[in-house]
Student: 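I'd like to ask you about the structure that follows.
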Amino acid sequence: MIRLAPLSEVPTNDEETHPSSSSSSWRNWLKTHFSLIFITKKSDLRILLSVLGCPLFPVSSNPKIPISQVSSSAEYIIEHFTAASGCRKIQGVVKNMYVSGKVSMAIVDTSSPASTISQKGCFVLWQMVPNKWLIELVVAAHKVVAGSDGNVAWRHTPWLGSHAAKGAIRPLRRALQATAVFSAAEYIGEKNILGIDSFVLKLSANHPDLTERSDNTAEMIKHVVFGYFSQRSGLLVYVEDSYLTRIQSPGSPPTYWETTMGTKVEDYRPVEGVMIAHSGCSSVIITRFGDNLKAGPAITRMEETYTIDDVAFNVPGLSIDSFIPPQGLSKGYPEENLDWRSPIDR
């Protein structure tokens, strides 16, 4: 399995300089980046990679719960998925996994949808039990790399360099088809989604983790995710998560940012006896609102489609050394600067 070749690391809009680790620098970057989302299209590619490239799941992974301990509806639904997908067959057998595929991203021009221009690219993803992962995503000759060695999650972008994430270690959302993270979820009922009768599970980031992912300028208010599991097949068919952040600089009124991402998961095919979703599409709505916005809420919409070309288990030669974070990784850096899920991944 060969990694993607090195590509240009020059940002789409190179008028901005790389922020330093100082508080004033990242706040200036944050202010500039937010304004770019709603003012100019020069940074469309950067925004797309920030929002759709490497978002994290709201909560950390949980250990697998044995079927003998299943007592709630949520845990039963996860066991149903495990059986339907064939994941139980590979538990304790598969140590790592490789995935490659293609993506197409776009910021939707709501005034003229026909003029929306998509950016195409590809990605490779490696995972190793437990909690280790690495993704390389290239879109329009620009590359984003993110990973976790099980102790720290990090990301590298051309415009920010390498930085560590705040809060607990969380799975990569792109890699989530359904895992033990949902075993701690709350069952909230049934719903027909995309014409499919589904059971719905809900997970929310807890208050201590939200606090750890906040600071004196940006407060993470909520981060919640819903998983929709087909009542007929037992497979995960839709994932929707939403997070709300309050931004307030000294001497200015607060502004609120709410980001909602919904992903349709489909085209399940067997790979060595395991059902793997081979395609999907995501839609994102970013809403900025507050008393200081005289024109009312500002909304940006984004879309992505993806396909998986290749999946392999137990890749020879893949070791823990493959997941070592970059040297000189900046820790304790405000997660806004990571911008995993622009405007803020919280």
Side-chain angles (χ1 to χ4, degrees), residues 1-22 25-26 28-30 32-33 36-37 43-57 98-103 105 119-128 131-175 213 304 306 318-346:
M1 305 300 177
I2 301 175
R3 291 195 181 190
L4 299 173
L7 298 172
S8 170
E9 293 283 62
V10 180
T12 307
N13 177 7
D14 54 16
E15 295 176 358
E16 297 177 37
T17 58
H18 290 197
S20 69
S21 59
S22 66
S25 294
W26 78 257
N28 290 336
W29 174 89
L30 191 63
T32 302
H33 184 72
L36 285 171
I37 293 180
S43 293
D44 278 8
L45 178 58
R46 183 182 304 185
I47 298 166
L48 285 168
L49 290 173
S50 296
V51 177
L52 293 165
C54 311
L56 298 180
F57 201 65
Y98 164 87
V99 178
S100 65
K102 300 181 181 68
V103 295
M105 304 176 177
Q119 303 285 355
K120 300 184 184 301
C122 55
F123 67 91
V124 291
L125 169 66
W126 295 266
Q127 293 179 271
M128 178 175 284
N131 301 328
K132 296 178 179 64
W133 53 266
L134 179 70
I135 183 171
E136 296 183 10
L137 173 70
V138 177
V139 177
H142 288 76
K143 181 166 69 174
V144 173
V145 183
S148 170
D149 64 353
N151 297 308
V152 61
W154 56 272
R155 195 190 73 163
H156 175 88
T157 66
W159 53 94
L160 289 175
S162 299
H163 300 286
K166 297 173 67 177
I169 302 300
R170 292 173 282 154
L172 182 69
R173 188 186 189 276
R174 187 177 293 279
R213 291 155 60 187
E304 178 199 75
Y306 72 88
L318 190 64
S319 70
I320 58 175
D321 293 340
S322 304
F323 303 91
I324 297 175
Q327 291 185 351
L329 187 66
S330 175
K331 296 184 178 180
Y333 205 73
E335 192 175 347
E336 297 89 291
N337 268 8
L338 283 175
D339 197 26
W340 303 68
R341 294 275 307 282
S342 178
I344 296 178
D345 169 54
R346 290 296 189 171

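Only this structure's heavy atoms are used, side chains among them; waters, hydrogens and symmetry mates stay out. Throughout, numbering of the chain's residues begins at 1 and tracks the sequence.
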Student: What distance separates L49 CG from W159 CH2, expressed to the nearest 0.5 Å?
Tutor: 4.5 Å

Student: What heavy-atom pair brings Q119 and A140 nearest, and what distance separates the two atoms?
Tutor: OE1-CB, 3.5 Å

Student: Any non-hydrogen side-chain atom of S322 less than 4.5 Å from a side-chain atom of W126?
Tutor: no

Student: Please assess L125 against L172 for the test side chain to side chain contact (heavy atoms under 4.5 Å, CB included), listing each intermediate value before the final yes or no.
Tutor: CA-CA 10 Å; L125 169 66; L172 182 69; 3.8 Å; yes

Student: Does M105 reach the side chain of L137, with side-chain heavy atoms less than 4.5 Å apart?
Tutor: yes

Student: State which residue, out of R155, Q327, H156, fulfils the side-chain contact (heavy atoms from CB on, under 4.5 Å) condition with S162.
Tutor: H156

Student: Find the distance between CG (L56) and CZ (R170) and round it off to the nearest 0.5 Å.
Tutor: 4.5 Å

Student: In Å and rounded to the nearest 0.5 Å, what is the CZ to SG distance from F123 to C54?
Tutor: 11.0 Å

Student: Is there a side-chain contact between R174 and E304, using heavy atoms and a 4.5 Å cut-off?
Tutor: yes

Student: Can you find a pair of side-chain heavy atoms, one from K102 and one from K120, that are under 4.5 Å apart?
Tutor: no

Student: Go through it in stages, so that I can follow the logic: the residues are F323 and L318, the test is side chain to side chain contact (heavy atoms under 4.5 Å, CB included), and I'd like the CA-CA distance, side-chain angles, deciding distance and then a yes or no.
Tutor: CA-CA 9 Å; F323 303 91; L318 190 64; 4.2 Å; yes

Student: Tell me whether D321 contacts the main-chain N or O of I324 through its side chain, where contact means a donor paired with an acceptor under 3.5 Å.
Tutor: no

Student: Just verifying a value: how many Å separate N151 CG and I169 CD1, rounded to the nearest 0.5 Å?
Tutor: 7.0 Å

Student: List the atom of S100, the atom of V124, and the distance in Å for their closest heavy-atom pair.
Tutor: CB-CG1, 4.0 Å

Student: Please tell me if the side chains of V145 and L134 come closer than 4.5 Å, counting only heavy atoms from C-beta onward.
Tutor: yes

Student: Measure the spacing between OG of S148 and CE of M128 and express it to the nearest 0.5 Å.
Tutor: 12.5 Å

